[in-house]
Amino acid sequence: MLQVSFIRENRDLVLDGLKKRNFGADELKVIDQILETDIKRKSAQTELDQLLSESNQLSKSIGQMYKNGQRDEADELKKKVTSLKEKTSQLQTTMNEAAHAVQELLYTVPNIPHPSVPKGNSEEENEVFKDLEGPLPVLDGEPLPHWDLAKKYNVFDLDLGVKITGAGFPVFRGKGARLQRALINFFLDEAHAAGYEEFVPPLLVNEDTARGTGQLPDKEGQMYYVEKDDFYLIPTAEVPITNVYRNEILAEKDFPIKMCGYTPCFRREAGSYGAHVRGLNRVHQFDKIEIVQIQHPDRSYDTLHDMLAHVEGLLNKLELPFRILRLCSGDLSFASALTFDFEVYSAAQKRWLEVSSVSNFESFQTNRMKLRYKDENNKTQLAHTLNGSALALARIIACLLENNQTPEGIVIPEALRPYTKFDILN
RNA sequence: GGAAGAGUGGCAGAGCUGGUUUAAUGCACCGGUCUUGAAAACCGACGUACUUUAACGAGUACCGGGGGUUCGAAUCCCUCCUCUUCCGCCA
């Protein structure tokens with residue numbers, strides 16, 4: 001969420017940013033609407049504060065009068081304050097309504113894209129930031145997609161998931177389950193080695209937490225909701241982990257804060273059907289290791305590139321062919337200022353599969369969360385947050401199965417073998 | 001799930017028979033004096049948000065969250081949340 005003060009001081013910049021996000025003339029009106037409503041709020045507050053100040057003064061002297069035994073004069077004053085009260089409660093309502101309206105409008109405004117974000121309408125226009133070195137890998141014979149391989153080697157079972165829960169809840173078993181566990185440990189160890197503190201957070205979060213990272217109110221339908229307790233199942237570890245520092249004021253020396261965590265992720269998303277959502281390409285529950293950083297605004301873009309390097313390192317160790325995309329404005333998520341996607345090429349599906357997304361949210365989340373720090377002048381400023389998948393398991397398993405298939409079985413990459421304790425999955 | 005008690009500024013802790021509390025006091029942190037340096041001592045500053053001001057400053061709100069009573073609420077009432085203790089249930 002953008003700050004009103006920021007919009008006030010950078011109106012044109014905000015408008016340009018929204019135009020880049022393909023806002024039409026009508027949609028852009030929201031900005032001036034916010035500014036006008038905020039002016040209403042301000043003038044109501046100015047007047048209200050004055051009246052409250054006055055009645056505070058009077059109430060105090062009433063107290064004095066009672067002490068001095070000036071009962072009649074006190075009663076006279078009481079009437080005056082009572083009449084003031086009518087006005088103040090009216091102003092209070094005006095102010096609250098205006099403040100609330102500003103808030104609601106702000107929720108509809110996405111983050112301003114970073115200058116480097118290419119303008120575009122859809123994922124077609126994402127920019128290849130770093131391409132795969134060398135030609136696209138080709139597999140001999142007739143490579144199978146991962147859902148066929150999964151059946152062949154009993155890696156996971158979607159039908160069993162349907163029996164136990166419903167569509168989109170894969171059941172991993174045997175070596176598939178062990179591969180899953182190996183990947184989790186591998187990714188966590190790598191994150192730990194890179195200096196990220198590990199968390200095991202709750203998988204259900206309350207409303208404030210879901211709002212803090214921007215899942216509410218915009219993405220309400222994507223989360224599973226437990227009505228009886230008013231909890232949301234997390235769609236990503238980003239939600240509980242970033243909220244660790246909600247409502248905190250940090251010192252400059254606390255930066256950077258590096259956190260990571262493994263959690264299952266739950267997504268209701270009613271996706272489309274067809275090959276693109278087959279198998280593990282899109283499921284309701286999957287496992288993911290998330291890395292999160294809280295950083296000083298001056299250094300958040302350096303940090304973004306550090307995080308990219310971390311994810312690159314993981315994919316290199318897993319020997320998977322990948323490329324990095326810089327998302328165009330049309331594909332950029334609501335809260336992000338700049339996002340890089342990692343895609344692994346599946347030689348079996350002959351398409352690129354998204355396996356990670358690394359973003360800088362700048363102060364968009366921290367404004368909602370009230371996550372601030374004291375700068376060198378002792379002023380409170382909003383910190384920046386960043387996060388990235390490092391990595392999402394289901395998709396990585398799909399990629400490993402498809403790219404590493406041989407007549408003998410699925411070859412486990414060297415780096416994973418100490419974790420799987422087997423070299424080939426067959 | 002049942003019963004009782006409690007939630008106050010970074011921490012500890014007073015206030016809680018409503019009105020010089022604009023939340024005492026101590027500790028911690030920060031600045032200064034002293035010192036070769038440090039400690040101690042002493043002095044000072046020490047919350048957040050918003051409004052207003054060119055600025056100094058002034059004002060308003062906030063004592064777990066929300067609502068209410070009152071001229072006036074940390075203090076009284078309602079409600080929710082959390083914690084502690086006891087009982088019950090349980091991996």
Side-chain angles (χ1 to χ4, degrees), chain A residues 1-9 34-106 200-212 216 225-232 240 243-255 257 264 363 365-383:
Chain A
M1 183 170 70
L2 299 177
Q3 296 182 96
V4 188
S5 57
F6 179 84
I7 297 177
R8 200 186 303 137
E9 287 155 27
I34 288 170
L35 294 176
E36 283 158 23
T37 313
D38 192 50
I39 286 170
K40 263 188 222 162
R41 187 209 104 238
K42 276 189 185 185
S43 67
Q45 188 180 345
T46 306
E47 202 180 336
L48 173 66
D49 283 357
Q50 260 166 16
L51 290 180
L52 283 177
S53 177
E54 203 177 315
S55 61
N56 281 346
Q57 289 285 339
L58 293 177
S59 293
K60 220 170 262 182
S61 39
I62 290 172
Q64 275 302 329
M65 287 173 182
Y66 274 120
K67 260 191 183 161
N68 301 339
Q70 302 162 283
R71 190 158 273 278
D72 295 342
E73 291 173 52
D75 287 342
E76 199 57 36
L77 260 188
K78 268 194 198 177
K79 284 178 197 159
K80 198 171 169 189
V81 183
T82 309
S83 71
L84 267 180
K85 225 186 142 185
E86 278 170 37
K87 272 191 234 166
T88 55
S89 68
Q90 211 170 40
L91 278 168
Q92 188 82 60
T93 308
T94 309
M95 189 184 89
N96 288 348
E97 280 173 359
H100 186 252
V102 169
Q103 190 73 7
E104 290 298 311
L105 290 171
L106 282 173
V200 182
L203 306 181
L204 288 94
V205 296
N206 59 34
E207 194 182 321
D208 284 347
T209 297
R211 183 174 290 111
L216 293 178
Y225 176 57
V226 182
E227 194 170 357
K228 202 165 182 184
D229 297 288
D230 206 10
F231 291 148
Y232 296 86
N243 272 280
V244 165
Y245 287 93
R246 171 158 50 89
N247 271 322
E248 298 282 335
I249 298 179
L250 305 165
E252 286 211 30
K253 64 175 164 55
D254 295 330
F255 293 127
I257 292 175
S363 58
Q365 293 183 324
T366 54
N367 186 36
R368 284 201 187 177
M369 278 194 286
K370 299 290 168 255
L371 197 181
R372 293 154 295 171
Y373 71 97
K374 295 263 193 198
D375 69 10
E376 65 272 17
N377 301 317
N378 217 30
K379 286 226 170 188
T380 49
Q381 308 279 1
L382 294 173

Separation between CD (Q90(A)) and CG (L48(A)), nearest 0.5 Å, reads 11.5 Å
When rounded to whole Å, the CG to P distance for the pair D49(A) and U51(B) reads 10 Å
query = Would you call Q92(A) and M95(A) a side-chain contact if the rule is heavy atoms closer than 4.5 Å?
reply = yes
Separation between CD (Q103(A)) and CG (D38(A)), nearest 0.5 Å, reads 11.0 Å
Given the C1' atoms of U8(B) and G64(B), what is the spacing between them in whole Å?
10 Å
task: Considering just the side-chain nitrogens and oxygens of K85(A), establish if one lies under 4.0 Å of OP1 or OP2 belonging to U70(B).
output: no
Between CG of L52(A) and C1' of C62(B) the distance, given in whole Å, is 13 Å
CD (Q64(A)) and CD (E73(A)) are apart, to the nearest 0.5 Å, by 12.5 Å
When rounded to whole Å, the NZ to C1' distance for the pair K379(A) and G47(B) reads 16 Å
Whole-Å C1' distance, A74(B) and C56(B): 32 Å
K253(A) atom NZ is separated from C30(B) atom C1', nearest whole Å, by 12 Å
_Euclidean distance for P, G5(B) against U79(B) (whole angstrom)_ = 15 Å
Side-chain N or O of N56(A) closer than 4.0 Å to phosphate OP1/OP2 of C71(B): no
Rounded to whole Å, the CZ-P distance (R8(A) to U51(B)) equals 6 Å
Of E54(A) and Q64(A), the one whose nearest nucleotide on RNA chain B sits closer to the 5' end is Q64(A)
What integer number of Å spans the C1' atoms of G66(B) and A58(B)?
30 Å
In whole angstrom, give me the gap between the P atoms of C34(B) and U22(B).
-> 39 Å
Rounded to whole Å, the CD-C1' distance (Q3(A) to A49(B)) equals 12 Å
Per atom distances to the R41(A) side chain, the nearest of G19(B), C50(B), U52(B) is C50(B)
Note to self: Would you say that L58(A) contacts L84(A) through its side chain, given a criterion of any heavy-atom pair below 4.5 Å between the two side chains?
What the structure shows: yes
* Asked: Within a reach of under 6.0 Å around CD of E227(A), are more than 12 heavy atoms found that belong to other residues, nucleotides or ligands?
  -> no
**Asked** C27(B) and C80(B): how far apart are their C1' atoms, nearest whole angstrom?
**Response** 34 Å
Discussion item. Go through it in stages, so that I can follow the logic: the residues are Y232(A) and N206(A), the test is side-chain contact (heavy atoms from CB on, under 4.5 Å), and I'd like the CA-CA distance, side-chain angles, deciding distance and then a yes or no.
Written reply: CA-CA 6 Å; Y232(A) 296 86; N206(A) 59 34; over 6 Å; no
Writing each nucleotide of RNA chain B 5' to 3' as (, ), [, ], | or . by Watson-Crick or G-U pairing under 3.5 Å yields ((((((((.[[[..)...(.....]]]..((((.......))))..((((((....)))))).[[[[[..)....]]]]])))))))....
(request) Answer with base, sugar-phosphate or nothing: what part of the nucleic acid does L48(A) contact at a heavy-atom distance below 4.0 Å? (result) nothing
Exercise for the section: Determine: side-chain N/O of S53(A) to OP1/OP2 of U60(B), distance under 4.0 Å, yes or no. Expected result: yes
Of Q50(A) and D38(A), the one whose closest nucleotide on RNA chain B sits nearer the 5' end is D38(A)
**Request:** Please measure how far the P atom in G31(B) lies from the corresponding atom in C46(B), and state the result in whole Å.
**Result:** 15 Å
Which of C71(B), U51(B), U60(B) is nearest the side chain of V81(A)? It is C71(B)
For atom NZ of K370(A), is the number of surrounding heavy atoms from other residues, nucleotides or ligands below 6.0 Å larger than 12? yes
Between CD of E207(A) and C1' of C80(B) the distance, given in whole Å, is 14 Å
Would you tell me if any nitrogen or oxygen in the side chain of T380(A) comes within less than 4.0 Å of OP1 or OP2 on A49(B)? yes
To the nearest angstrom, the CG-P distance between L58(A) and C71(B) comes to 13 Å
- Taking everything shown except E104(A) itself, do over 12 heavy atoms lie less than 6.0 Å from its CD? yes
Between C43(B) and A54(B), how far apart are the two P atoms, rounded to whole Å? 39 Å
